[in-house]
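Accompanying notes for the structure given below.
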Amino acid sequence: MTEDGRTRLRAFDQFITKLSSRCNLRCDYCYVYELRDSGWRKRPRIMTETVREKLVSRIAEHARKHALDRVRVLLHGGEPLLAGPRVIADFTTAVRRALLGTGTEVDFALQTNGVLLTEALLDLLLELNVTVGVSLDGYAEAHDRHRLGPGTGRGSHARVTAALALLGSARYRPLFGGLLCTIDPANDPVRTFDALAAHRPPAADFLLPHGTWDHPPTGMDDDRALYGAWLCAVHDRWWVTGRPMRIRLFESIDTLSRYGGGSSSEVLGTVPTAAVAIETDGTVAWTESLNAVAEGAAGTGGTVFSHSFDALLDLDGAPEDGVGSLCRVCRECPLVRVCGGGLRAHRFGRGRGFANPSVYCKDISALIRHAAPWTDQ
């Protein structure tokens, strides 16, 4: 930690690997295709073998240098299943082979919209020991409002729930990592929670749609904490139903409010996420939520060919956080030890760069005070 309270990362332990730069859905809130950055248009559709080989060597190099106990490789996109089974199998096998003898364990997870999941693919992922997270925005009307097929305008809910029926079966359930739900305050929060819980996921995450002060999310034109009220309703439903699945956002609020420290949710906490994203052409990016800010805002200026991961940590713009990196309003707020100022991208705008509270400040504050009322005491 620096003298002004900033925390710099010493190593990455999460590698978000963009096996595909394209998607087979067109979700209107997508931070990759629908916000400020259009870099995906210039990149190869599938990560080439040359890039994959170099990335594997960089991950192994980084793990050896820092004697990492464990790393997490998230297969991502676009839609990672568009890369095809051979690419997925070759890459995961190569990473495991490269880490043999280093003392570093590797966990693989794949985040998918679920449309392409089949028994054959699940059999492969079972063999490769790759857990699967699926994006689902709740009940059919809620999900199909945003998550549509390109060109058709048809919703994807029926196909996704069919895939979840497979994933939740006895054979494949060990692969089930959880569900990812993007919040829309127009959707009923209790119905949304119940629709997710019906699939018996081990975990669920609720994502605030990315926005900034210059490009605020829907419904931010008055003083109501729409998103906060929505999350409070979900929290209460989660609690009264016996917390049937882990929800990182709620668990992190409880842990941070009681003990401080790090968070398992990137939306909260004053410790930077030790993650880096690798595009299909080998370009390396910081947290992808910065795509909501401006063209190229997530870029590091490096690639897996030009920079080691250690060299990237020395570049300007490398992940750092802590109270010292926040604006005065945040530093003086009693909730800062829990929220950490919120997601960095959500602080941007007003001609002050990132020197603002989160555009979701009132929503996050309302949720923290509701879920952990002792925080202000």
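A quick note: this is a predicted structure, and the numbers were derived from the prediction, not measured.
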Set of residues satisfying side chain to side chain donor-acceptor pair (under 3.5 Å) with respect to [X], sequence neighbours excluded:
X      : answer
Ser306 : Thr303
Arg96  : none
Asp144 : none
His307 : none

Side-chain contact, heavy-atom cut-off 4.5 Å: [X] with [Y]?
X      : Y      : result
Val359 : Thr212 : no
Leu196 : Cys181 : yes
Leu167 : Val132 : yes

To the nearest 0.5 Å, tell me how far [X] [atom1] sits from [Y] [atom2].
X      : Y      : atom1 : atom2 : result
Phe250 : Asp205 : CZ    : CG    : 10.5 Å
Ile88  : Leu81  : CD1   : CG    : 5.0 Å
Asp363 : Ser358 : CG    : OG    : 8.0 Å
Leu128 : Thr92  : CG    : OG1   : 4.0 Å
Glu279 : Leu55  : CD    : CG    : 11.5 Å
Ile183 : Leu249 : CD1   : CG    : 7.5 Å

Examine the side chains of [X] and [Y] and answer whether a donor and an acceptor come within less than 3.5 Å of each other.
X      : Y      : value
His346 : Asn356 : no
Thr300 : Trp286 : no
Ser135 : Gln111 : yes
Asp310 : Ser308 : no

If hydrophobic clusters are built by linking Ile, Leu, Val, Met, Phe, Trp and Tyr wherever their side-chain heavy atoms come under 4.5 Å apart, do [X] and [Y] end up in the same one?
X      : Y      : answer
Val190 : Ile247 : no
Trp213 : Ile364 : yes
Phe305 : Val284 : yes
Leu148 : Leu207 : no
Val329 : Ile368 : no

request  = Could you check whether the rings of Tyr360 and Tyr227 sit parallel, tilted or perpendicular, using 30° and 60° as the cut-offs?
outcome  = perpendicular

Which residues share a side chain to side chain contact (heavy atoms under 4.5 Å, CB included) with [X], sequence neighbours left out:
X      : value
Cys361 : Pro357, Ser365
Arg159 : Leu25, Val115, Ser156
Glu105 : Arg70

So which heavy atom on [X] is nearest to which on [Y], and how close?
X      : Y      : answer
Ala203 : Gly177 : CB-O, 4.0 Å
Pro201 : Gly178 : CB-CA, 4.4 Å
Val338 : Ser257 : CG2-CA, 3.7 Å
Pro85  : Leu121 : CB-CD2, 4.2 Å
Leu117 : Ala163 : CB-CB, 3.9 Å
Leu99  : Ala63  : CD2-CB, 3.8 Å

key: Sequence neighbours excluded, every pair satisfying side chain to side chain donor-acceptor pair (under 3.5 Å) that has a member inside residues 113-127   =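 Listed by first then second residue: Asn24-Asn113, Glu79-Asn113, Asp123-Arg171, Asp123-Tyr172.
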
Would you mind checking if [Y] and [X] are paired as a salt bridge, meaning a charged N to carboxylate O distance below 4.0 Å?
X      : Y      : result
Arg248 : Glu251 : no
Glu61  : Lys65  : no
Asp13  : Arg72  : no

task = Begin from the C-alpha positions of Phe15 and Val95 and carry the test side-chain contact (heavy atoms from CB on, under 4.5 Å) through to its verdict.
result = CA-CA 11 Å; Phe15 302 91; Val95 173; over 6 Å; no

request  = Sorted by first residue and then second, give each ring-ring contact (aromatic ring centres under 6.0 Å, His included) pair with at least one member in residues 98-143; sequence neighbours left out.
outcome  =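 Those involving residues 98-143 are His143-His157.
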
task = Would you list the pairs meeting ring-ring contact (aromatic ring centres under 6.0 Å, His included) in which at least one residue belongs to residues 176-208, sequence neighbours left out?
result =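 Every ring-ring contact (aromatic ring centres under 6.0 Å, His included) pair that includes a residue of residues 176-208, provided the two are not neighbours, is Phe206-Trp230.
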
Salt bridge (Lys or Arg N to Asp or Glu O under 4.0 Å) partners of residues 365-374, not counting sequence neighbours, each pair once = Arg369-Asp376

task = Might you work through the side-chain contact (heavy atoms from CB on, under 4.5 Å) test for Val336 and Leu326, ending with a clear yes or no?
result = CA-CA 9 Å; Val336 70; Leu326 303 177; 3.4 Å; yes

key: Connected hydrophobic set around Ile16, excluding itself, where side chains approach under 4.5 Å   =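 Once heavy-atom contacts under 4.5 Å are chained together, Ile16 belongs with Leu74.
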
query = Counting only N and O atoms by type, is there a donor-acceptor contact under 3.5 Å from the side chain of Thr104 to the main-chain atoms of Leu68?
reply = yes

ask   = Sub-3.5 Å donor-acceptor pair from the side chain of Thr112 to the main-chain atoms of Gly114, do we have one?
value = yes

Would you say [X] has more than 12 foreign heavy atoms packed within less than 6.0 Å of its [atom1]?
X      : atom1 : result
Arg154 : CZ    : no
Arg350 : CZ    : yes
Arg45  : CZ    : no

inquiry  = Distance to the ring centre below 6.0 angstrom and angle to the axis at most 45 degrees; does that hold for Arg237 and Trp239?
reply    = no

task = Under the side chain to side chain donor-acceptor pair (under 3.5 Å) rule, what do Asp281 and Thr283 come out as? Steps first, then yes or no, please.
result = CA-CA 6 Å; Asp281 60 357; Thr283 298; 2.9 Å; yes

query = Stepwise, does the side-chain contact (heavy atoms from CB on, under 4.5 Å) test hold for Lys18 with Ile278?
reply = CA-CA 6 Å; Lys18 300 297 213 67; Ile278 303 90; over 6 Å; no

message = If you apply the rule side chain to side chain donor-acceptor pair (under 3.5 Å), what do you find for His146 with Asp137, and how did you get there?
response = CA-CA 9 Å; His146 302 286; Asp137 287 351; over 6 Å; no

inquiry  = Is there a side-chain contact (heavy atoms from CB on, under 4.5 Å) between Thr192 and Asp184? Walk through the geometry before answering.
reply    = CA-CA 10 Å; Thr192 299; Asp184 181 346; over 6 Å; no

